[in-house]
2 protein chains.
Amino acid sequence: MAGKIGLNITQICLPRECTEDEIIEEVLKLNEDPRVHGVYLHLPPASLTSRVLNTLRPEKDVDGTVLVVGGEGPLGVALQCLMQRGGMVVLNSRRSSEGLQKQVCPHRCMRTHTHIHLHKVHLQNVEMSGVGPLTAALRMRNVVQSSSRWAQGQQYRPWTLRSLKLQPLSPVPSDIEISRAQTPKPVDQLAQEIGLLQEETEAYGRTKAKVRLSLLDRLREQPDGKYVLVAGITPTPLGEGKSTVVIGLVQALSAHLKLNSFACLRQPSQGPTFGVKGGAAGGGYAQVIPMEEFNLHLTGDIHAITAANNLVAAAIDARMLHEATQTDKALYSRLVPSVNGVRRFSPIQIARLCRLGISEIDPRALTPQEVSSFVRLDLDPAKVTWQRVVDTNDRFLRKITVGQASTEKGHVRETQFDIAVASEIMAILALADGLGDMKTRLGRMVVGSSRSGQPITAEDLGVSGALAVLMKDAIKPTLMQTLEGSPVFVHAGPFANIAHGNSSVLADKLALKLVGEDGFVVTEAGFGADIGMEKFFNIKCRASGLRPNVVVLVATVRALKMHGGGPNVSAGSPLPREYIDENLSLVTKGCSSNLRKQIQIAHLFGVPVVVALNVFKTDTQAEIDLVCQMAKESGAADAVPCHHWARGGRGSVDLAQAVKQASSQPSHFQFLYSQETPIVEKIRMIAQKVYGADDIELSPEAQAKIDYYNQQGYGKLPICMAKTHLSLSHLPEKKGTPTGFTLPIRDIRASIGAGFIYPLVGTMSTMPGLPTRPCFYDIDLDPVTEEITGLF
Amino acid sequence: MAGKIGLNITQICLPRECTEDEIIEEVLKLNEDPRVHGVYLHLPPASLTSRVLNTLRPEKDVDGTVLVVGGEGPLGVALQCLMQRGGMVVLNSRRSSEGLQKQVCPHRCMRTHTHIHLHKVHLQNVEMSGVGPLTAALRMRNVVQSSSRWAQGQQYRPWTLRSLKLQPLSPVPSDIEISRAQTPKPVDQLAQEIGLLQEETEAYGRTKAKVRLSLLDRLREQPDGKYVLVAGITPTPLGEGKSTVVIGLVQALSAHLKLNSFACLRQPSQGPTFGVKGGAAGGGYAQVIPMEEFNLHLTGDIHAITAANNLVAAAIDARMLHEATQTDKALYSRLVPSVNGVRRFSPIQIARLCRLGISEIDPRALTPQEVSSFVRLDLDPAKVTWQRVVDTNDRFLRKITVGQASTEKGHVRETQFDIAVASEIMAILALADGLGDMKTRLGRMVVGSSRSGQPITAEDLGVSGALAVLMKDAIKPTLMQTLEGSPVFVHAGPFANIAHGNSSVLADKLALKLVGEDGFVVTEAGFGADIGMEKFFNIKCRASGLRPNVVVLVATVRALKMHGGGPNVSAGSPLPREYIDENLSLVTKGCSSNLRKQIQIAHLFGVPVVVALNVFKTDTQAEIDLVCQMAKESGAADAVPCHHWARGGRGSVDLAQAVKQASSQPSHFQFLYSQETPIVEKIRMIAQKVYGADDIELSPEAQAKIDYYNQQGYGKLPICMAKTHLSLSHLPEKKGTPTGFTLPIRDIRASIGAGFIYPLVGTMSTMPGLPTRPCFYDIDLDPVTEEITGLF
C-alpha cells in the first residue's frame, strides 16, 4: 500500500493522588479517541485495579506488548525505556526516527508522552517475546487493524467538489452585487470536499478557515499537482486583470473541466481599499467570495504583521534611549536581573553571547568588556533601517520626527511609516516554508547597524521569540472559494515595489498536495512578467524548491495598443479613441514588441507559455484573432481569448484546455543565475537578459553597499529589483521593448531575514496617499441587513 | 405557551430562463431547510410542472393557502399582494409588523423574498376560504406543526454545562503552564451547552467564537439574570486581582453551585503584553483559557479599532492638504465628480449638506457660497484633537511631527500616537447597543474644530460608513471559557485613564439573556470603585439601561495595610516587612478608611456590597477575620475570604454563596446625578460625594471648554473623570481616605461619539513605554510543538 502507516501509542500519566474514577474517565476518553491506536497503562501498581484494566477496550490494549523500532535517534532511546517494562515487538521501519513526537504530559506529571508514528511498517519482520504468543498475536492484530484504519484516514482523499452554479447577467453588475448574490458553501464543507481532515482547519467565521501546516506532513508522500504561474505583459496604469484570469482559470478547470484545482492569491493591503484602488478579489464573474471579507481584515494576518513590525520599531528606539541614559552596570543589572537571588541569561541572550564569541554563560563571570559588548547594541540612530508600518494610506507619515516628548529627553530622530505590506515580515511570511524557518528568518532580520558598522538583528534586540508568537497564526494560509465554489488560498502579499510581490510558498505547497498528481495550482506574480515572474522564478522557486509547469501570460488589447504606440493611458481620464475603436496596426506593433519580449523572458527560464487575452467588450474579433496568431508566432504554446469577467469559468474553458495541454509538455526549468554569482553580475544579468538594457550603472552608494554586503557574507542572496512595472526599462514612459538604455542603480538595500538584496532603480513609494475623494465616500453598512454597499 | 411563535414562509423566485432541474434543486434545498416552514411556489405557469409540484414536501406546501395577518405596516402590503393569488388564512397576531424581514432575492430576480415571523399566533381566529376545507385544514396543521417546532427552537434553552475538572497543584505553577495543562472544550460545544443556536456563533479557531447580536432579538422576551459588578478598593500599583475574582466567582457559581453564570471581561491591550504588564486573563487557577489567545490578537477587535481610528487620522491630514492646495471649484469637481455625465451627492454628502442647512441636492444648483461651505471643512490644524493609535508600547510616538516629506508641501504638524485602546472608537464599541447605534456614534465623533470654531465630525469627513464597515465584526462579543469550562465574554477594553474602563454593554446584555432569570452575569470595572464603579453606574448603566444587583468589592490585606499607613509599595522593589508579617493595626486603619469609604460609595448608588478579600499566602487568619468583621461593620452585606488563585472555583464558593444571598436583597439603584445637571455641578458632585473633596477648582482652559461644550449642546453628557486610580484624591501618594483637598480640573475634553465629557485631573499618559528588559526577552515559541513559553 502506498502512503504512510502510522501508529499512535499513548501512555496514561496521571498524578499520584488521582482517584480511580479520574483514571477511568481518562481511559474512557482514550477509548473513544480515533487518533489513539494503543494505550499503555503506566500507573502505580495500586492504581491498576481490575475496574481500570477492564475499562480499557481490548483492541486498544497494548500493555506488555511494547514496540521497538529499528533505527537510531531519540525514538530508540524512548523505546529502550519502554522495553524494560514488558515484552517486545520489533517492527522494521523506514524513517522511523522522524516520526517521534514528544509532548509534555497535560497532567504535569513531568513525564513525556510518546506518540510514535511509524512509516511503512513491514509486518514480515515482526518478532515477539515476553508474552504468550496468542496474546501477542491478537494484540498485534488489534494494533495493526487500528493503525490501518488510521492510516487510511491519513491518506490522500479524492475530491468531491460541488460547484456553485453561476447565471451571469448582462450587463455585468457591480462586483459586490455579484459577490452578494452568490451564497458561498460553508467553509467546513469546502474543506471536507477537498480532502482536508477536520483537525486540519480552523474556521474564522463561516466563509474563511485557516489550514494547518501539519497537512504537509500527512501528505508528504503525495505527488504534487501541476504548478501554473499567471504573469502579465507590461500593464497600463489601469491593470490588465491577472487576478481575474487566475480565478477564471480555476473556475474553468474545476467547475467545467472537473479537474482538481486551486487558486493561490495574495492578501491585498487594506489601506488602498479605502483610497483609490479597486478590490483584489478578482472582478465580474471571476471573484473570490465573500469579496468584502477578502478585502477587509480577512483572518488578521496583516494586522499581525503590523503588530510584529512595530514591536521591533518600539524596541529599537527604547533600546537606544536606555543605552544612552544608563551605565553598563545599570543596563546589565536590568537586562540580567537577579530573580530570587539568581541571575540567569535567557536563551535569546545566550544566542547573542554566542554571536559575540562569549562562551561564558554565568552572568557573574563576564569581564567588564564582555558586559559592555553584551549590553550595548550601540545602534547608530542614523543607520537604523527599520521603519514603522500602518495598513492605512497615510501620506503624512512618509517622513516624520519621533521622540519629541520631554520623556524621551531630546532623543529625536527622523523616520517614516510604510504601508504594512512593505514590512520585511510580510516578505518573510511569503517565503518561509514552516514555523521554524519563519522564526529563524525573523531573528535574522537586520534593523540597522552599530556605530562600528556591525549589523544588528531582531535577535540582538531580544524580540525574535515574541515576533514568532505574534505570527503563529498568520503562517497558516486562509481557505476561501471562488464564485463557482472552487478552493482558493489567500496568503501573504509582499509589496511588489520593494519585495518579491508573490503569494506564499506555503499556500502553493499545501495546494499542490491537495490537488493531487493530476490537479492544478494556479498562482499569481505581481506586476509584469519582467518583474513578478522573474522574482517568482529566481526568488520564490529558489526558496520553495518548486518547479513551474506553465506560465500563463495575460495580455489585453488595450495594453498592446499602448505598447504599439497608442496615446497615454491614465487613471481617471477617459480612454482615447484608439483604445475603443479597432486598430490592428497598433495591436500588431504591441504584439511584436512587448508581448514577444515577455514570452522570450519566460522561455529564458525554460517554461512553456500560454497567452491569455483578457477580452474587453470593445475588442473586435479581428483584434482578438490577430493577438492570438502573433502570440503563437512569437513562441507561445497557445494563445486564447478569455471571457471570465462576463461569463465566469465558462468563459475561460479554452484557456483551461490550453493550460492542460501545455502542462503535459516537458518543462526545462532553470534559474537565470546561480547564487554564487557576484551581486553586481546578478544585477547585470537581470538588466540585460530580462529588461534588455545595454548595461547597469552603479551609484557610489550602491557600490559601497555591495562592498558592505559582501563583507557581511550576504553576497549569495538572490536579487529583488525595485523597478517601475510600467516599462521594461526604468523609465515608465518607455513602452514596447525599450533598447539602448543603461539601468541606473541608485542605491541597494537588503532584507536579510526575507533573504534578498534589493537594488533601487529610481524612487519607490512605500506609502500611498488618499485622493481628494477617497472610495470611503461610497462605502456604507446597512445596520439592519448588515449589507455593505459601495465596496467596488 | 410563553415566548414567541414564528412562521417562515418562503417564496421561490427564479429567473425566467431556469430549467426544471434548477427549480427542483431549489425546492429540494427548501425541503431540507429546517428554518423554512412553508413554501409558496411563485413561478411562471409553464414552470409549475407536476415534477416540480411533486418535489415539494406536502408538509411545506402552502400554495393556495395564503396567510393574512391583522395589523398595519409593510406586512399588510406584502400580504395584500399574496391574497390576490389564492385562498387565505387569517391569523391574529400581536406585534406582527415587527416580524417582517425583507431579503433581496439571491437569484437577483428583483423581487423581494418575504419571511414572515408571527408572534403569539391565536389559532382560534383562523379562517379559511378559496381551497377545499380539508386541504386547507391539513395545510394549516402542517404550517402550525412546523412553526411550533421552529418556535421551540427559538426559545430559551436550559444550559447543559459540562464543567472541566481542576486538580490544583501546590506550589501554583506559572499562568501559562496552568492554562496549557487544561484542554478547553471545543467552543462550538460550549456554545451549544449555554443554549446558543448554531447560526448565532462564528468560530475563530477552536477556542474562540463571535456571538451574533441577533440573539438579543430571539431572547427578547427572556427575563435578565442577576447583574453583578466587581470593583475594588483603591489598589497598590501592583493591582489587587479584580479579574481573578471575577473568574473565580464565575467558576464557583457554575462549576460548584451549578448556577448559570457568565463572566464579562475587557480585552486587554496587546502592547503591554510585551512590555511590563502581566496577563489580563486572570491568574493561577482562575483564568480564561487559552490565555495566550486571550492576551494576543483574540478575534482582531483591537486591530479593527486601530484600522478605523487611523483611517480617520489619514483622512484629516489629507483633507487639510487638499483644501490648502485646491480652489473651491477644483475641490467641488473632485468631491462631486461627473460619472457618465451625471453629478450626484453621495448619501454621506447629503448628510453634511443637511447639517449645513443646505436643502438643495442638485450639485449644479448650489451657490458659490454653498459650494465653499460644503467643500471646506476648514479644519484648524492647531485644533485637531484626533490622534493616531498603535497597539504597541512605543514611547517615541508620544510627540511627533508629521508631514515632513516633500510631497506634503510643508504642511507639517505636531501630533501624537496613543495606545490603541485609548481610541474613542474603543469607548464607542463598549457603549454601543447595536450596529445602528455604533454607526451613529462613529459618525458623531468630533475630530477637531474649524477655524470658525465649529466642531468637525467623522461624518463631515465622509468616513463614517467605512468605519462601520471596518467595525462590523468587532461589535460581536467573543466567547471563551474559564479553566473550569464556564462561559466568558471578552469584549472591548476602553482605557480606564481617559475613558470609562468597562467591558461592553452588548456582552453584558447577551450574557444576561443567556444565563436566564436565575443566572448570574459578573462584569468588571477598571481601577478602584471611586473611578471604575462610578463610571459603570453613571455612564455604562445609563447607556445600557441595565441595573446592577450586587457590587463585589475586592480588597487585599496588602492594599489595606498600605491605606492604614504602611510603607510605599512599588513594582520591581521587594515588599517591606509590614506586608509580609501580621500587622493588625495597619489592617484596622486600612479598613476604617479606604474600605469603609468605598463601601459607602457603592451605597450612594443604592446597591448592596459584598467584600471579597483576595487572600495571599502571607495573610494570617487574624488579619482575614479582622477584614471580614470590619467590612460587615462598615455596611457590607457580607465579607468573605477568597482562595480562587490557589484553588480555582472551589476557593470562591463562599463568595458565590454570599453574592447569591445579596442578590436576593432589594437593590434601589439610582444615578448620582441627572443628565440635566450643569457640567460643573456634575463634576462637583463626583468630587465631593465620591472622592471626598471639599470642592473643585477649574482652570481657565477648563472653564472655556465648558462654555464651548454648553454652546455646542454637549452639556447633558455624563462625566468621565480622568483621575489617578492610586488615591481617592488627585494625589497618588494620599492613601486611605484623603480629606480637606480641592480637586483641580486642569482641562476638559469630550468624546462626543462615545458620549461623555472627560475632565483631566492631572496628566494622563496615553502611551506606555517599554522597560530596559521587556517581557519579550522571555517569550518564545517552540516551532515543533507550537507551544508558547514565557508569557506570564
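Naming: A, B, ... by sequence-line order, numbering from 1 per chain.
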Inset, instruction - Flag the one option from B:Ala313, B:Ala304, B:Ala330, B:Gly769 with the top tally of heavy-atom pairs under 4.5 Å to chain A. - result: B:Ala304
Legend entry - Side-chain (B:Lys439) to main-chain (A:Leu781) donor-acceptor, under 3.5 angstrom: yes
Inset, instruction - Sort B:Glu323 into side chain, backbone, both or neither according to what part of it lies under 4.5 angstrom from a heavy atom of chain A. - result: neither
Legend entry - Heavy-atom check, side chain of B:Pro337 versus side chain of A:Arg773, under 4.5 Å: yes
Legend entry - Part of A:Gln326 lying under 4.5 Å from any heavy atom of chain B: side chain
Legend entry - B:His303 side chain vs A:Gly300 backbone, donor-acceptor pair below 3.5 Å: no
Inset, instruction - Ignoring hydrogens and angles, tell me if any N or O in the side chain of A:Glu202 forms a donor-acceptor pair with the backbone of B:Tyr204 under 3.5 Å. - result: no
Inset, instruction - May I have the step-by-step check of salt bridge (charged side-chain N to carboxylate O under 4.0 Å, His left out) for A:Glu293 and B:Lys472, ending in yes or no? - result: CA-CA 11 Å; A:Glu293 299 295 326; B:Lys472 78 181 173 57; 2.8 Å; yes
Legend entry - Residue pair A:Ile316 / B:Phe396, side-chain heavy-atom distance below 4.5 Å: no
Inset, instruction - Pick one of side chain, backbone, both or neither for B:Arg388, based on which atoms fall under 4.5 Å of a heavy atom in chain A. - result: side chain
Legend entry - Region of A:Val469 in contact with chain B, defined by heavy-atom distances below 4.5 Å: both
Legend entry - Per-residue contact mode, B:Pro574 against chain A (heavy atom under 4.5 angstrom): neither
Inset, instruction - Name the option with the most non-hydrogen atom pairs under 4.5 Å to chain A; the candidates are B:Ala468, B:Gly465, B:Gly434. - result: B:Gly465
Inset, instruction - Go through the atoms of A:Asp437 and report whether side chain, backbone, both or neither lie under 4.5 Å from a heavy atom of chain B. - result: neither
Inset, instruction - Go through the atoms of A:Ile788 and report whether side chain, backbone, both or neither lie under 4.5 Å from a heavy atom of chain B. - result: side chain
Legend entry - Residue, of A:Leu331, A:Asn393, A:Thr407, that accumulates the most heavy atom pairs under 4.5 Å with chain B: A:Thr407
Legend entry - Options A:Leu435, A:Thr772, A:Leu791, A:Ile400, ranked by heavy-atom pairs under 4.5 Å with chain B, top entry: A:Thr772
Legend entry - B:Leu470 side chain reached by A:Phe274 side chain, heavy atoms, under 4.5 Å: yes
Legend entry - Check: A:Thr201 main-chain N/O paired with B:Arg206 side-chain donor or acceptor under 3.5 Å: yes
Inset, instruction - Pick one of side chain, backbone, both or neither for B:Ala315, based on which atoms fall under 4.5 Å of a heavy atom in chain A. - result: both
Legend entry - Atom pair OG/CG of B:Ser464 and A:Asp780 - distance to nearest 0.5 Å: 7.0 Å
Inset, instruction - Quick one: do B:Tyr777 and A:Val463 satisfy side chain to side chain contact (heavy atoms under 4.5 Å, CB included)? Show the steps, please. - result: CA-CA 6 Å; B:Tyr777 269 92; A:Val463 79; over 6 Å; no
Inset, instruction - Answer yes when A:Glu408 and B:Arg398 have at least one side-chain N-carboxylate O distance shorter than 4.0 Å, and no when they do not. - result: yes
Inset, instruction - Give, for atom CG of B:Leu770 and atom CG of A:Leu311, the distance between the pair rounded to the nearest 0.5 Å. - result: 7.0 Å
Inset, instruction - Give me the one residue out of A:Lys399, A:Gln404, A:Glu414 that meets side chain to side chain contact (heavy atoms under 4.5 Å, CB included) with B:Thr401. - result: A:Gln404
Inset, instruction - Please look at B:Arg352 and chain A and tell me whether the side chain, the backbone, both or neither of the residue comes under 4.5 angstrom of a heavy atom of that chain. - result: neither
Inset, instruction - Flag the one option from B:Thr306, B:Leu321, B:Leu467, B:Ile302 with the top tally of heavy-atom pairs under 4.5 Å to chain A. - result: B:Leu321
Inset, instruction - Heavy-atom pairs under 4.5 Å with chain A are the metric here; pick the option from B:Thr392, B:Asn310, B:Leu335 that has the most. - result: B:Leu335
Legend entry - Largest heavy-atom contact set with chain A, pairs under 4.5 Å, which of B:Gln349, B:Arg334, B:Arg395, B:Lys208: B:Arg395
Inset, instruction - Compare all side-chain heavy atoms of A:Val402 with those of B:Leu397 and state whether any distance is below 4.5 angstrom. - result: yes
Inset, instruction - Identify which of B:Val336, B:Leu461, B:Thr789, B:Asp782 forms the greatest number of heavy-atom pairs closer than 4.5 Å to chain A. - result: B:Leu461
